[in-house]
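Reminder, nothing fancy here: chain letters follow the sequence lines and each chain counts from 1.
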Amino acid sequence: MLDLKLIRANPEKVQELINRRHGDYNIQPIVELDRASRELETNRSQLSAQGNEIGKLIGQKIASGSNPQGEEIAQLKTEGNEIKTKLSELEPREKELKAEIEALLLELPNLPDESTPIGKSEAENIEIKRWGDEYISDRQNILPHWEIGEKLGFLDFKRAVKVAQSRFVNLVGAGAALERALISFMLDTHISAGYAEVMPPILVNSDSLQGTSQLPKFAEDSFKCSNDDLWLTPTAEVPVTNLYRDEIIEATELPIHHCAYTPCFRREAGSAGRDTRGLIRLHQFNKVELVKLVAPETSEAEHQALLENAEAILQALKLPYRILELCTGDIGFGAAKCYDLEVWLPSAGMYREISSCSNFKDFQSRRANIRFKQAGKKGTEYVHTLNGSGLAVGRTMAAILENYQQPNSTVKVPDVLQPYLKREVL
RNA sequence: GGAGAGGUGGCCGAGUGGUCGAAGGCGCAGCACUGGAAAUGCUGUAUGGGAGCAAUCUCAUCGAGGGUUCGAAUCCCUCCCUCUCCGCCA
């Protein structure tokens with residue numbers, strides 16, 4: 001959520017930054033509603049003050065011996081009632097205005113960081129790094145991961161569809177073990193880098209989804225439980241960031257670094273027909289997520305470090321990848337700045353997204369009301385939140401099944417996973 | 001799911017209609033005392049909104065939302081959560 005005071009103080013600048021994004025956003029209605037609501041609030045609070053004054057006076061009079069049923073008190077009560085009548089008109093209007101402003105603010109995306117390259121669409125993202133070219137196989141006829149996976153008996157799409165729907169998979173035998181090994185390897189690596197592991201609820205309530213900005217705009221992207229105010233989490237970002245919702249953290253507790261493995265659930269509304277085969281776009285997938293809550297002045301450096309922590313997994317697995325710096329036309333709703341990691345998929349001859357590392361600055365913390373306090377300093381400040389996949393496990397499995405494929409249609413186990421899987425070839 | 005008891009500031013805890021944003025204690029900060037410290041004493045110590053250049057003034061907040069009242073932490077209603085007992089259960 002954007003800072004209303006910032007919008008008020010600098011509407012042109014805010015509008016200019018928001019215009020850099022894809023989509024049409026207009027802050028003018030907010031500016032006007034805000035003006036009206038402040039005027040109303042000033043009037044209302046003056047009236048309330050009068051009412052409080054009368055209430056106090058009645059109390060004092062009765063305490064000092066006035067007859068509660070007497071003329072004088074009755075007169076004051078009448079005055080009190082008059083004020084109450086006026087208030088009963090102003091109060092609902094003020095509430096309504098504030099709710100309207102809130103609703104509009106919740107629909108507004110974050111301002112892109114000044115350093116985010118300006119561009120209209122993903123075509124204008126900037127590749128800033130390429131790693132592992134030497135690991136790109138020159139072999140022809142590499143089977144797509146779903147074919148090698150089914151051939152080796154690791155991936156069972158058919159039965160998963162029977163049990164659930166299309167876009168689900170059942171992992172079998174070494175397939176399940178590989179998934180588990182990847183999760184453990186990723187977590188162990190991040191824990192060594194100083195992240196504290198959490199295993200949060202994966203059903204989350206609406207407040208949590210609003211806190212990290214999946215709601216209200218993106219309701220159709222998540223699965224909702226019909227009898228409860230609970231949703232299947234689309235990413236661990238939601239439960240982990242919201243762990244701290246409505247809290248005031250001691251400055252000395254920052255930075256907070258968490259890693260978490262969770263399944264993730266997405267309805268993939270609007271992507272019908274895309275990536276229908278394989279592990280790339282499922283309704284349920286596993287992901288290890290990195291989440292940070294940090295002091296504002298450190299968030300840029302923390303973002304770079306987060307990106308490196310995600311890269312470290314790809315590097316350890318010797319999977320070729322590139323980094324894109326997303327342009328203003330492609331960054332997510334809540335992000336001010338974002339890097340995507342894309343892994344090389346030989347069967348497709350292209351890089352596919354495997355991690356997205358975003359700095360939300362105070363956008364989520366404002367929504368989720370996550371603040372920190374410096375001892376001895378007055379007031380509180382919003383933390384900055386960041387997160388990134390480290391990594392999407394299913395897509396990592398896909399990359400391994402392809403990049404580590406051998407001519408005899410077996411798959412070599414990456415060195416770092418061998419201790420987990422206790423074998424060299426799948 | 002049933003029965004009962006509760007939810008008050010960073011923490012503990014008092015407060016059942018009137019000057020309560022809230023006693024007292026702990027914690028924390030500053031000052032005094034000390035060679036230094038402990039102990040002690042004094043002072044201060046919530047968050048958010050609005051008005052104002054500012055000092056400051058003001059509104060809201062005692063789990064959440066409604067209601068009664070001139071006035072609600074206190075009374076009424078709904079919901080959420082915690083604890084105890086029973087039931088069910090991986």
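Atom-to-atom, NZ of A:Lys98 to P of B:rA60 comes out at 12 Å; the value is rounded to the nearest Å. Rounded to whole angstrom, the span from the CD1 atom of A:Ile62 across to the P atom of B:rG18 amounts to 10 Å. Taking atom CD1 of A:Ile73 as the reference point, atom C1' of B:rU69 lies 14 Å away to the nearest angstrom. Between the NZ atom of A:Lys86 and the C1' atom of B:rC70 there is a distance of 15 Å, rounded to whole Å. Rounded to an integer number of Å, the gap from A:Glu82 CD to B:rU69 C1' is 16 Å. Note: CD (A:Gln46) to P (B:rG49) measures 19 Å, nearest angstrom. Rounded to an integer number of Å, the gap from A:Met1 CE to B:rG49 P is 11 Å. The distance from atom CG of A:Asn205 to atom C1' of B:rG63 is 15 Å, rounded to the nearest whole Å.
Out of B:rC59, B:rU69, B:rG50, the shortest distance to the side chain of A:Lys84 is found at B:rU69. Set against B:rC59, B:rU19, B:rC70, the side chain of A:Ala63 has B:rU19 as its closest nucleotide. Candidate nucleotides B:rG50, B:rU58, B:rU47 were compared by shortest atom distance to the side chain of A:Arg371, and B:rU47 ranks first.
Annotation: of the two residues near RNA chain B, A:Leu76 and A:Arg38, the 5′-most nearest-nucleotide partner is A:Arg38. Comparing A:Ser64 and A:Arg8 by the nucleotide of RNA chain B whose heavy atom lies nearest to each, the residue mapping closer to the 5' end is A:Ser64.
Between the side chain of A:Asn110 and the main chain of A:Phe360, a donor-acceptor pair closer than 3.5 Å is present. The closest donor-acceptor contact from the side chain of A:Arg367 to the backbone of A:Gln210 lies under 3.5 Å. Proximity of a side-chain donor or acceptor of A:Asn10 to a complementary backbone N or O of A:Leu6 within less than 3.5 Å is not detected.
Within the 4.0 angstrom heavy-atom criterion, only backbone atoms of the sugar-phosphate kind lie near A:Thr380; the bases stay farther away. Backbone-only engagement by A:Lys95 is indicated by non-hydrogen atom pairs under 4.0 Å involving sugar-phosphate atoms exclusively.
Using C1' as the reference atom, B:rA73 and B:rG21 are 10 Å apart when rounded to the nearest Å. The P atoms of B:rG48 and B:rC83 are separated by 30 Å, rounded to the nearest whole Å. Across the P atoms, B:rA54 and B:rG41 are found 40 Å apart, a figure rounded to whole Å.
Residue A:Asn52 places at least one side-chain N or O closer than 4.0 Å to OP1 or OP2 of B:rC59. For B:rC70, the OP1/OP2 oxygens have no side-chain nitrogen or oxygen of A:Lys56 closer than 4.0 Å. An OP1 or OP2 oxygen of B:rA60 is reached within less than 4.0 angstrom by no side-chain nitrogen or oxygen of A:Arg44. Between A:Lys373 and the phosphate of B:rA46, there is no side-chain N or O to OP1/OP2 separation shorter than 4.0 Å.
Applying the 3.5 Å distance criterion, the base of B:rU19 shares a donor-acceptor pair with the side chain of A:Gln60.
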**OP:** Might you work through the side chain to side chain contact (heavy atoms under 4.5 Å, CB included) test for A:Leu4 and A:Ile30, ending with a clear yes or no?
**Re:** CA-CA 9 Å; A:Leu4 188 54; A:Ile30 294 178; 3.7 Å; yes
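Side chains of A:Glu253 and A:Tyr244 form no contact here, defined as non-hydrogen atoms less than 4.5 Å apart.
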